[in-house]
Amino acid sequence: MAETVSDRLDRQHLAILKEAVDNTNEAFVTIDLNHRVMFFNRAAERFFGYGREEILGRDLNLILSPMCSRDHKAAVDRYIQTREKKMLGKETEFMVTRKNGETFPASISFSVSEIDQELYFTGIVRDLTVTKTLQEQVSKAERLAALGQVVAEITHEIKNPLMLIGGFARQVARSVKEQENADKLDIISREISRLENLLAELRELYRFGKPSFSDLDVSSVVHEVLDLVSDEARDRHIEISSQGVAYPVLIRGDRDKLKQVLINLVKNSMEAMEEEGKIRVELDMNRSMAHLLVADNGPGIPEKDRQAVFDPFFTTKPRGTGLGLAVSKRIVEDHNGTFSLESEEGKGTSIRIDIPISQTEERVDGDNIPSDGRRAAF
């Protein structure tokens, strides 16, 4: 029997529809009344980690957790008995487990089809990983904005009285003759300075909004910081060695903020070693990133503390605020960079910062990076 025009069009429409569904970003999984998988598109293969040859004709339980399997079978049986569409057409969220054991958040909606008096159930699954990440980022930004406003108001109210107390303490100290009283006033002045630094770090940590960027040479920032800490390092008998590329490394950034980060890192290393030790500062780059390393041979960070060092107010120093690393990490992230730490007890700590170079620094032919790899001390 010859194929009619209508039959040919139906066949074409079915092929087009199947190809479209097979290539969509959503996972399509269709089962029959016996829970056997009848259709499993390419997105489903990516989501669940199973190939079609492993799934088709098999029980749906293969890709469901025991709880999901129980609930799903109950829902299918309920529909068959009542024909009530409680879950059909609605979207619910759940955690999907891949073949390798990884999980990710997903949403699923169900539909039912009746073909030749047989029922088929289709689940359409969307990966919510990106959506959840964006939601968390928005939520975090909103929390930071609200907290930043509170911190700004509180620090403003505290800062002025602190300045007055510190100023009066220094004035009185100049006229006090008794050493004991002079020592007490000196303690007051030092504590006032510490509190003022704490307030400044709090404002920086909970500041909302991006800093103002301009093109800057990272190597010149490193040079400035090493000059600033050289006297203190010499007094502590700490040797600071440095190595950098022998040409400018341009990024888009806030010079003062990056300078603050590097000062924090070098001083952290110095305070960890107390007396004697070595600090190494290195600057390098490739076609897209500037790489800055600050490493020391100090006592290192205990394993139990390594995850907590970036938490605000966590510190192992007797007089530390616990905000230095948290603020530094925030600043680097504001520069679209990454901030990573490695440490081993008894061997030291190293922190690596990677920040994208300025677009004006990039060259397609790489003519801004000498082929001989020249390096120089700062």
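Fair warning: this is a prediction, and the values are worked out from it, not measured in the lab.
- Residue Glu53 qualifies as enclosed at atom CD: its count of foreign heavy atoms under 6.0 Å is above 12.
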Exercise for the section: Kindly indicate, with the supporting measurements, whether the criterion side-chain contact (heavy atoms from CB on, under 4.5 Å) is fulfilled by Ser269 and Val294. Expected result: CA-CA 8 Å; Ser269 291; Val294 177; 4.2 Å; yes
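- No more than 12 heavy atoms of other residues, nucleotides or ligands sit less than 6.0 Å from atom CZ of Arg58.
- One hydrophobic cluster, built from ILVMFWY side chains closer than 4.5 Å, cannot hold both Tyr120 and Ile124; they sit in different ones.
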Exercise for the section: With side-chain contact (heavy atoms from CB on, under 4.5 Å) as the test, would you mind laying out the steps for Ile55 and Val29 before giving the verdict? Expected result: CA-CA 10 Å; Ile55 293 294; Val29 182; 5.9 Å; no
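- Remark: side-chain polar atoms of Asp116 are not paired, donor with acceptor, to backbone N or O of Glu118 under 3.5 angstrom.
- Distance CD/Glu271 to CG/Asp296: 11.5 Å, rounded to 0.5 Å.
- With rounding to the nearest 0.5 angstrom, the OG1 atom of Thr103 is 8.5 Å from the CZ atom of Arg98.
- Using a 4.5 Å heavy-atom threshold, the side chains of Leu325 and Leu265 count as touching.
- Between the side chains of Asp256 and Gln260, no donor-acceptor pair of N or O atoms lies under 3.5 Å.
- Rounding to the nearest 0.5 Å places CD of Glu180 at 4.5 Å from NZ of Lys184.
- For the residue pair Ser350 and Arg280, no side-chain donor N or O sits within less than 3.5 Å of a side-chain acceptor on the partner.
- Between Asp59 and Asn61 the shortest heavy-atom distance is OD1-N, 2.8 Å.
- Between Ile279 and Met273, some side-chain heavy-atom pair lies under the 4.5 Å cut-off.
- Judged by distance alone, the side chain of Asp217 and the main-chain N or O of Ser219 form a donor-acceptor pair under 3.5 Å.
- Looking at heavy atoms from C-beta onward, Phe39 lies out of side-chain contact with Thr122 at the 4.5 angstrom threshold.
- Nearest heavy atoms, Asn264 versus Ser328: ND2-OG, 3.1 Å.
- Distance alone, capped at 3.5 Å, places no donor-acceptor pair between the Ser358 side chain and the Asp215 backbone.
- Follow the hydrophobic side-chain contacts under 4.5 Å out from Val225 and you never reach Leu293; the two are in separate clusters.
- Note: Phe40 and Phe48 have tilted aromatic rings, judged against thresholds of 30 and 60 degrees for the angle between ring planes.
- The backbone N or O of His335 lies less than 3.5 Å from no partner atom in the side chain of Asp254, so there is not a single donor-acceptor pair.
- Scanning both residues, Met285 and Val249, for their nearest heavy atoms gives SD-CG2, 3.8 Å.
- Between the side chain of Ser189 and the main chain of Leu185, a donor-acceptor pair closer than 3.5 Å is present.
- Of the possible polar contacts, none joining the Thr24 side chain to the Val21 backbone as a donor-acceptor pair under 3.5 Å is found.
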Exercise for the section: With side-chain contact (heavy atoms from CB on, under 4.5 Å) as the test, would you mind laying out the steps for Phe110 and Phe121 before giving the verdict? Expected result: CA-CA 7 Å; Phe110 297 98; Phe121 299 87; 5.8 Å; no
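- Linking ILVMFWY residues whenever their side-chain heavy atoms come closer than 4.5 Å, directly or via other members, leaves Met289 and Ile251 in distinct clusters.
- Put simply, the side chain of Leu228 reaches to within 4.5 Å of the side chain of Lys259, judged on heavy atoms.
- Between the side chain of Glu344 and the backbone N or O of Gly300 there is no donor-acceptor pair closer than 3.5 Å.
- Dense packing is recorded around CD of Glu345, with more than 12 heavy atoms of other residues, nucleotides or ligands lying under 6.0 Å away.
- The hydrophobic clustering, which links ILVMFWY residues whose side-chain heavy atoms are closer than 4.5 Å, places Phe104 and Ile108 together.
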Practice task
Show your reasoning for whether side-chain contact (heavy atoms from CB on, under 4.5 Å) applies to Asp284 and Glu282.
Solution key: CA-CA 7 Å; Asp284 204 347; Glu282 294 182 1; over 6 Å; no
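- With a 6.0 Å radius and a threshold of 12 heavy atoms from other residues, nucleotides or ligands, Asn100 has its CG atom above the threshold.
- Ser220 and Arg255 make their closest contact through OG-NH2, 2.8 Å (heavy atoms, listed as atom of the first residue, atom of the second, distance).
- Nearest approach of Asp354 to His291, heavy atoms of both residues: OD1-ND1, 2.6 Å.
- With Thr338 contributing its side chain and Glu333 its backbone, the two residues share no donor-acceptor pair below 3.5 Å.
- Remark: Met270 CE to Glu232 CD distance equals 3.5 Å, nearest 0.5 Å.
- Here the CG-CG distance, from Leu134 to Leu128, works out to 11.5 Å after rounding to the nearest 0.5 Å.
- Here the closest heavy-atom approach between residue Ala182 and residue Val176 is recorded as N-CG1, 3.8 Å.
- Side-chain atoms of Asn297 come within 3.5 Å of backbone N or O of Lys278 as a donor-acceptor pair.
- The CG atom of Asp186 sits 10.5 Å away from atom CZ of Arg170, with the distance rounded to the nearest 0.5 Å.
- Here the side chains of Leu292 and Leu258 are not in contact, with every heavy-atom distance at 4.5 Å or above.
- Under the 4.5 Å side-chain heavy-atom criterion for grouping Ile, Leu, Val, Met, Phe, Trp and Tyr, Ile192 is not connected to Phe168 through any hydrophobic cluster.
- Inter-residue side-chain proximity for Thr129 and Pro105 is flagged as met; some heavy-atom pair is nearer than 4.5 Å.
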